[in-house]
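What follows is a single structure, written as structure tokens, with notes after it.
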Amino acid sequence: MVSIECAAQTDDVLGEVPLWHPTENALYWIDLFKPAIHRLDILDRKVKTWTPSEKLGSFALRAEGGLLIAGRNGLSLFDPSDGHLEKIIDPEAGNTENILNDGRCDRRGRFWVGSMNKMMTRASGRLYRFGQRHLDVVAEGIWVPNSICWSPDDRRMYFADSHLRTIFAYEFDIDSGTIGHRQEFAVMESIPGVPDGSSVDSEGFLWNAVFDGGCLVRYAPDGRIDRVVPLPVSRPSACTFGGPDLATLYVTTARFRLPPEKLATERSAGGLLAVDVGVRGLPEPFFAG
């Protein structure tokens with residue numbers, strides 16, 4: 001029996017990118033559109049929210065404290081103590097059509113972030129790697145980047161193009177931070193919705209939040225569907241393992257463009273879900289810059 005509860009109802013338009021901070025015993029996540037940065041202290045269950053000066057795409061926890069933010073104006077450092085954003089670099093400078101979307105750090109502290117056409121009219125997105133204040137383009141021709149995460153042995157990087165309803169697996173070299181051959185890992189054919197954010201558990205299985213599919217899907221390392229976990233919302237957006245023992249799967253959700261009659265039946269839409277799936281996760285890497 002899977003246990004599901006709403007850990008925090010923040011009425012997010014599009015909640016995304018939940019990340020567990022082990023030393024703070026807290027979970028961070030964002031609302032792309034309000035915009036908002038949330039922090040849930042799991043001990044007192046209190047939520048603190050900041051309102052940044054720009055819409056967001058993703059973020060990473062920093063080893064030196066604070067957050068690395070990927071927003072509409074590029075990459076910035078965020079200081080929660082005063083809410084200040086310090087701009088670093090804009091990967092899409094001069095390109096008014098593209099915005100930054102999903103991003104994640106690898107286990108060497110490099111931040112990988114994808115861009116996309118904000119009107120979703122063409123595959124103009126790119127995948128960037130940012131580390132030691134150096135930015136590289138590693139892939140192009142992307143519609144909607146999502147699901148960036150890595151296998152436990154760091155030999156595979158997962159990446160989804162939600163528009164194509166496909167999760168890909170790249171060969172990955174952790175030392176050089178380079179990707180190699182790409183192959184289809186999972187193509188969503190039998191399940192409605194599109195693949196959104198993902199997380200890999202300690203057994204090497206990938207958990208994916210299916211936007212407009214109302215469920216989580218657990219994929220085996222060979223791409224086989226291992227489990228489908230129905231959720232009380234139709235638009236889960238991303239997931240990560242958290243809690244002191246990394247045994248809770250936290251899931252962000254969206255109210256984005258849901259009609260009133262749908263919202264009336266989805267009381268947890270826009271909230272943060274806590275799901276007990278009976279497996280533990282892996283520690284979240286910090287951005288090294």
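Checked by atom type, the side-chain pair Trp150/Asp106 shows no donor-acceptor distance below 3.5 Å.
When every heavy atom of Asp276 is checked against every heavy atom of Ala247, the shortest pair comes out as OD1-O, 4.2 Å. The minimum heavy-atom distance between Arg126 and Asn98, with the atom names listed, is NH1-ND2, 4.1 Å. Nearest heavy-atom pair across Ser124 and Asn117 is OG-CB, 3.4 Å. The shortest non-hydrogen separation linking Gly204 to Pro221 is O-CG, 3.5 Å. When every heavy atom of Tyr250 is checked against every heavy atom of Ala7, the shortest pair comes out as CE2-CB, 4.3 Å.
Residues passing the ring pair (Phe, Tyr, Trp, His ring centres under 6.0 Å) test with Tyr158, sequence neighbours excluded: Phe185.
Between Glu284 and Arg104 there is a salt bridge, since at least one side-chain N of the basic residue sits less than 4.0 Å from a carboxylate O of the acidic one. Salt-bridge check for Lys118 with Glu92: failed, with every basic side-chain N at 4.0 Å or more from each acidic carboxylate O. A salt bridge is absent between Lys48 and Glu24: the closest approach of a Lys/Arg side-chain nitrogen to an acidic carboxylate oxygen does not fall below 4.0 angstrom. Using a 4.0 Å cut-off between a side-chain N of Lys or Arg and a carboxylate O of Asp or Glu, Asp201 and Arg280 do not qualify as a salt bridge. Lys46 and Asp41 are not joined by a salt bridge, as no carboxylate oxygen comes within less than 4.0 angstrom of a charged side-chain nitrogen.
Although no hydrogens or angles enter the test, the distance criterion places a donor-acceptor pair under 3.5 Å between the side chain of Asp102 and the main chain of Ser147.
Of the options Asp12, Leu272, Thr252, Leu27, a side chain to side chain contact (heavy atoms under 4.5 Å, CB included) to His38 is made by Asp12 and by none of the others.
Side-chain rings of Phe256 and Phe33 approach one another, their centers coming within less than 6.0 Å.
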